[in-house]
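Because the structure is predicted, anything quoted here is derived from the model rather than measured.
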Amino acid sequence: MAEALRVGIAGLGTVGASVARVLRDKAAELTRQCGREVVVTAVSARDPKRDRGVDLGAAKWFDDPVRMAQTAEIDVFVELIGGDEGPPHSSVKAALEAGRHVVTANKALLAKHGVALAETAEKKGVLLNYEAAVAGGIPVIKTMREAMAGNSVTRVFGILNGTCNYILTRMEAEGLSFDDCLKDAQRLGYAEADPTFDIEGHDTAHKLSILTSLAFGTRIAANDIYMEGISNISQADIRAAGDLGYRIKLLGVAQRTESGIEQRVHPTMVPTASVIAQVHGVTNAVAIETDILGELLLSGPGAGGNATASAVVGDIADIAKSRPGFQHGPVFGLPAKELRPYKKAQMRSHAGGYFIRLTVHDRIGVFAAIAKRMADNEISLESIVQHAAGPDTALQKTVILVTHETTEAAVRKAVDGITRDDHLTDKPQVIRIERAE
């Protein structure tokens, strides 16, 4: 049997402790599967005295993760600290430069430094595995990087943030407000005390940028993603979507267009009969559309200690199964130096259907003025509905518009015109309608 694979874990929070526990509890099974033992020989975290529910007494303690990354006492450096600068970045970089394999769940780090780190890994002939960085326990990275040879991806989209999906699910199922659902998500540990990173779309954007690189062979461009969060979604939107046969989801979408690669994160209406609309709670789902395979949908637990630990352990096991002299595949599907510069598509030229909710003054001529603005911008309406805004708003009406396929530029121009006409009493709501089988 080959020598044991020596693992060092940096970061012993929920995920790090879960990884250590799985490696301990599943030691015999992993040895049979990998043909060698997998042993935690080093750990690093802020507090050495904290009880993490797993015995780490046999592992050497390092106060500095960079020192642990450089030590000859480990073969694999597992980074579970989080963050895109400071110790996470410096320790991963140090491990790769020292010829250590790296496993990370850190999407923010990869979104910012992934290509440079991939170049180092490929130069040193070591693995940089990151299955847990996108969609938790769903094996989407391995699927796209290894199992789809010969396929050309045309579009990848999905529900990539469990916090947002949980909130939207509760809002629809129980008629709760966004604020009430958020508070409950925080109480249950699904949302952070400061939830901005999740609810405003940043987390989804980081994950999407990684999928975009794998799908289209481009350099990661997390800063070139059009992004909207879910904090402005109201019960009025949820109810209107249901009445029209749609469900609202926060989607990350990347697709190839004539003008470049389009990346966007925003609330989206999907048909209630579609598969993606059936993904509820903290579950994640990723759909991949290709020329050969057609559409593939992967769904499963997207967050949490066990789901993320499963992906991390899977990456460690892949390293344990490799042998000296084995030629590792590129980190992002193509050699890092061959990844093409990212060419951003014109987001405002995106075509599709739109849901538009307008709260307007209840006075003669408003309805006709709205219809004229739509006609002036060559927007064809599938439906237009007017009803009272609520019992306490007798002088207001809510107008719900659903368009046929049109352009983002046309919709924004029409809505801007209605706003300038001084018909609105509240901020307009515009939600894209996504094609989703």
Side-chain angles (χ1 to χ4, degrees), residues 8-16 19 44-46 62 64-70 76-98 100-122 124 126-136 140-141 160-164 191-214 218-227 229 252 254 263-265 284 302-303 308 311-312 315 331-332 336 339 341-342 344:
I9 303 175
L12 292 171
T14 301
V15 175
V19 169
S44 177
R46 293 177 184 172
F62 286 83
D64 181 5
V66 175
R67 280 190 57 239
M68 188 179 79
Q70 295 170 327
V76 181
F77 179 76
V78 180
E79 185 276 308
L80 300 172
I81 304 169
D84 59 10
E85 294 293 353
H89 179 223
S90 55
S91 60
V92 167
K93 183 178 178 182
L96 294 172
E97 290 175 344
R100 312 278 178 257
H101 300 294
V102 169
V103 173
T104 182
N106 193 337
K107 64 266 182 183
L109 175 68
L110 294 170
K112 189 168 185 178
H113 301 290
V115 175
L117 294 173
E119 289 180 0
T120 302
E122 291 163 15
K124 292 292 184 177
V126 294
L127 284 166
L128 170 57
N129 287 351
Y130 52 96
E131 188 66 69
V134 179
V140 62
I141 302 301
L160 301 175
N161 184 271
T163 300
C164 291
E192 301 291 339
D194 179 358
T196 304
F197 194 73
D198 289 319
I199 65 173
E200 297 303 339
H202 301 280
D203 176 78
T204 297
H206 283 161
K207 296 169 181 175
L208 181 67
S209 69
I210 296 167
L211 294 179
T212 299
S213 181
L214 284 166
T218 59
R219 299 177 75 85
I220 294 174
N223 293 330
D224 285 324
I225 296 179
Y226 177 89
M227 188 167 58
Q263 295 184 100
R264 46 193 169 90
V265 173
N284 281 195
T308 309
V312 171
D315 278 346
V331 174
F332 292 107
L339 293 171
Y342 174 78
K344 183 179 179 180

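Residue-environment remark: CG (Asn223) stays at or below the threshold of 12 foreign heavy atoms within 6.0 Å.
Residues passing the side chain to side chain contact (heavy atoms under 4.5 Å, CB included) test with Asp84 are Ala108, Lys112, sequence neighbours excluded.
Here salt bridge (Lys or Arg N to Asp or Glu O under 4.0 Å) pairs that include residues 192-205, with residues two or more places apart or in two chains, are Lys107-Asp203, Asp203-Lys207.
The closest donor-acceptor contact from the side chain of Arg100 to the backbone of Ala98 lies under 3.5 Å. Counting only distance, with no hydrogens or angles, the side chain of Glu131 and the backbone of Ile141 share a donor-acceptor pair below 3.5 Å. Using modelled atom types, no side-chain atom of Asn161 and backbone atom of Gly201 make a donor-acceptor pair closer than 3.5 Å. Judged by distance alone, with hydrogens and angles left aside, the side-chain atoms of Ser209 form no donor-acceptor pair with the main-chain N or O of Ala111 at under 3.5 Å. Side-chain N or O atoms of Gln263 include none that pairs as donor or acceptor with a backbone N or O of Tyr226 at under 3.5 Å. For the pair Tyr130 (side chain) and Val102 (backbone), a donor-acceptor distance under 3.5 Å is absent. A donor-acceptor pair under 3.5 Å links the side-chain atoms of Ser213 to the main chain of Thr218, judged by distance alone. Side chain of Glu79 to backbone of Gly82: a donor-acceptor contact under 3.5 angstrom is found.
Between His113 and His89, the ring planes lie parallel to each other; the angle is under 30°, not in the 30° to 60° tilted range.
Nearest heavy atoms, Pro88 versus Leu109: O-CD2, 4.2 Å. Here the closest non-hydrogen pair linking Thr308 and Ala105 is CG2-CB, 4.1 Å. Here the closest heavy-atom approach between residue Ala121 and residue Leu128 is recorded as CB-CB, 4.1 Å. Scanning all heavy atoms of the two residues, the minimum distance from Val66 to Ser90 falls at CG2-OG, 3.5 Å. Taking all atoms of both residues into account, the shortest heavy-atom contact from Ala135 to Asn284 is CA-OD1, 3.5 Å. Of all heavy-atom pairs between Arg219 and Tyr342, the closest is O-CB, 3.8 Å.
Only one option out of Ile9, Asp315, Val19, Leu80 pairs with Val103 in a side chain to side chain contact (heavy atoms under 4.5 Å, CB included); it is Asp315.
Between atom CD of residue Glu122 and atom CG of residue Leu117 there is a gap of 11.0 Å, rounded to the nearest 0.5 Å. Residue Leu160 holds its CG atom at 10.0 Å from CD1 of Ile210, rounded to the nearest 0.5 Å. Put simply, OG on Ser91 and CZ on Arg67 are 13.5 Å apart, with the number rounded to the nearest 0.5 Å. Summarising the geometry, atom OG1 belonging to Thr204 is positioned 13.5 Å from atom CZ belonging to Arg264; distances are rounded to the nearest 0.5 Å. Thr212 contributes atom OG1, which lies 11.5 Å from atom CZ of Phe332 (distance to the nearest 0.5 angstrom). Distance check: Leu208 CG to Ile220 CD1 gives 11.0 Å after rounding to the nearest 0.5 Å.
Residues Pro65 and Ile81 form a side-chain contact, since some pair of their non-hydrogen atoms from C-beta on lies under 4.5 Å apart. Put simply, the side chain of Gln70 does not reach to within 4.5 Å of the side chain of Phe77, judged on heavy atoms.
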Under the side chain to side chain contact (heavy atoms under 4.5 Å, CB included) criterion, do Lys124 and Leu96 qualify, and how do the steps go? CA-CA 7 Å; Lys124 292 292 184 177; Leu96 294 172; 5.6 Å; no
